[in-house]
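Values reported hereafter were calculated over all heavy atoms of this structure, with side chains retained and with hydrogens, waters and symmetry mates removed. As the structure is a computational prediction, the values presented were derived from the model and not from experiment.
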Amino acid sequence: MNHRSMEKELMRIRMCTVALAMMLVPSLALAKKEVFDSGSGCLQNLSVAGGFTSGKQFLASTDHEGVSYADAFAKTVAAIEAEGMVGIYPNETTGYIAAENPVRGGGGSTVPLRTTVRRQPDGSVRVEVRFSIKGGQMTSNKAVGEGLCKIADAASL
C-alpha cells in the first residue's frame with residue numbers, strides 16, 4: 001500500500017468511527033435520562049408493539065376517579081398542547097382528540113397521536129393515548145411512555 005492509499009483508508013476509518021459515535025451518543029443519553037413516574041400506574045401499563053423495521057405503536061392509559069368528563073377532556077387537550085403537538089382536533093362529543101407530533105429533523109413531517117377520553121361504567125373517566133412511529137424511526141420507549149403518561153395523567157392534576 002502506498003502512502004496515499006493508507007491516508008485514504010485511515011480517513012475512511014475515522015469517518016466511520018465518527019458516524020458510529022454520533023449514532024450511539026443520543027441513544028446512550030436517552031438511556032440515562034430519568035423517567036418521571038406519577039404513581040398512576042400508567043408507565044407500568046404502557047404497551048409497545050412492533051419494532052424498528054415495522055414501526056412501533058404505543059398505548060398508555062389512566063383511569064381517573066372523582067373527575068368530571070368535561071374537566072378530564074379539557075385538561076387532556078391542554079396537556080396535548082403543552083407537549084408541543086400540532087394540528088390538534090378535539091371532539092368533546094365523541095371523546096376523540098386527533099393531533100400530530102412534529103418529527104425532530106424530519107423536514108416538517110409528523111406522526112399521529114390519537115387520544116380518547118371515555119366515561120366508564122363505574123363512573124371513572126379513562127384516558128387512552130396512542131402514538132405510532134414509522135419503520136426506520138428510532139425513539140426511547142421510556143421517553144415516549146413518559147410523554148404519553150403526562151397526557152393520560154393530566155385529567156387528575
Side-chain angles (χ1 to χ4, degrees), residues 18-157:
V18 168
L20 181 61
M22 289 175 66
M23 288 188 302
L24 289 177
V25 168
S27 299
L28 294 174
L30 286 173
K32 292 181 180 179
K33 181 183 174 195
E34 289 253 348
V35 175
F36 174 75
D37 184 357
S38 68
S40 69
C42 181
L43 280 177
Q44 290 76 20
N45 296 327
L46 178 68
S47 168
V48 182
F52 180 73
T53 56
S54 63
K56 287 186 177 180
Q57 299 77 42
F58 300 85
L59 172 63
S61 66
T62 304
D63 291 335
H64 303 274
E65 295 179 10
V67 177
S68 74
Y69 173 81
D71 284 347
F73 191 86
K75 287 180 178 182
T76 301
V77 171
I80 291 170
E81 291 170 346
E83 285 296 304
M85 302 301 154
V86 297
I88 302 169
Y89 298 100
N91 184 329
E92 191 170 352
T93 304
T94 64
Y96 185 73
I97 307 163
E100 301 294 323
N101 184 27
V103 176
R104 288 187 189 152
S109 63
T110 60
V111 291
L113 177 88
R114 304 297 182 248
T115 306
T116 55
V117 180
R118 302 248 190 263
R119 289 181 191 92
Q120 299 301 300
D122 65 1
S124 65
V125 177
R126 176 173 290 165
V127 178
E128 290 186 348
V129 187
R130 289 178 172 76
F131 179 71
S132 299
I133 60 173
K134 297 176 186 172
Q137 293 179 326
M138 289 180 53
T139 188
S140 159
N141 291 356
K142 287 184 178 182
V144 171
E146 182 179 280
L148 295 183
C149 287
K150 281 182 186 177
I151 295 168
D153 291 345
S156 291
L157 302 177

Smallest separation among heavy atoms of A155 and V127, with atom names = CB-CG2, 4.4 Å
Which pair of heavy atoms, one from D63 and one from R126, lies closest together, and at what distance?
-> OD1-NE, 2.6 Å
Determine, step by step, whether V144 and I133 satisfy the side chain to side chain contact (heavy atoms under 4.5 Å, CB included) criterion, reporting the C-alpha distance in whole Å, the side-chain angles of both residues, the deciding distance to 0.1 Å, and the verdict.
-> CA-CA 11 Å; V144 171; I133 60 173; over 6 Å; no
Considering non-hydrogen atoms only, spot the tightest contact between I88 and A99 and give its length.
-> CG1-CB, 3.9 Å
From CZ (R114) to OH (Y96), nearest 0.5 Å = 4.5 Å
Starting from the C-alpha separation in whole Å, work towards a yes-or-no answer on side chain to side chain contact (heavy atoms under 4.5 Å, CB included) for L148 and L59.
-> CA-CA 8 Å; L148 295 183; L59 172 63; over 6 Å; no
Which heavy atom in V77 sits nearest to a heavy atom in P90, and how many Å separate them?
-> CG2-CB, 3.8 Å
Just how far is it from atom CD of E146 to atom CG of L46, taken to the nearest 0.5 Å?
-> 11.5 Å
Do N91 and Y89 have side-chain heavy atoms sitting under 4.5 Å apart?
-> no
Apply side chain to side chain contact (heavy atoms under 4.5 Å, CB included) to the pair N141 and K56, showing each step before the final yes or no.
-> CA-CA 9 Å; N141 291 356; K56 287 186 177 180; 2.9 Å; yes
If we only count heavy atoms from C-beta on, is the I151 to L113 side-chain gap below 4.5 Å?
-> yes
Would you name the heavy atoms of Y69 and G95 that are closest together and state the gap between them?
-> OH-CA, 3.1 Å
First locate atom OG1 of T139, then atom CZ of F52, and finally report the distance between them rounded to the nearest 0.5 Å.
-> 11.5 Å
To the nearest 0.5 Å, atom SG of C42 lies from atom NZ of K150 at 12.0 Å
Shortest non-hydrogen contact from T110 toward E100 = OG1-OE1, 3.2 Å
So, R130 side chain and A60 main chain: donor-acceptor pair closer than 3.5 Å or not?
-> no
E128 side, atom CD; S47 side, atom OG - distance, nearest 0.5 Å = 10.5 Å
What is the distance from atom CG of D153 to atom NZ of K75, rounded to the nearest 0.5 Å?
-> 12.0 Å
Would you please test T62 and H64 for side chain to side chain contact (heavy atoms under 4.5 Å, CB included) and show each step?
-> CA-CA 6 Å; T62 304; H64 303 274; 3.6 Å; yes
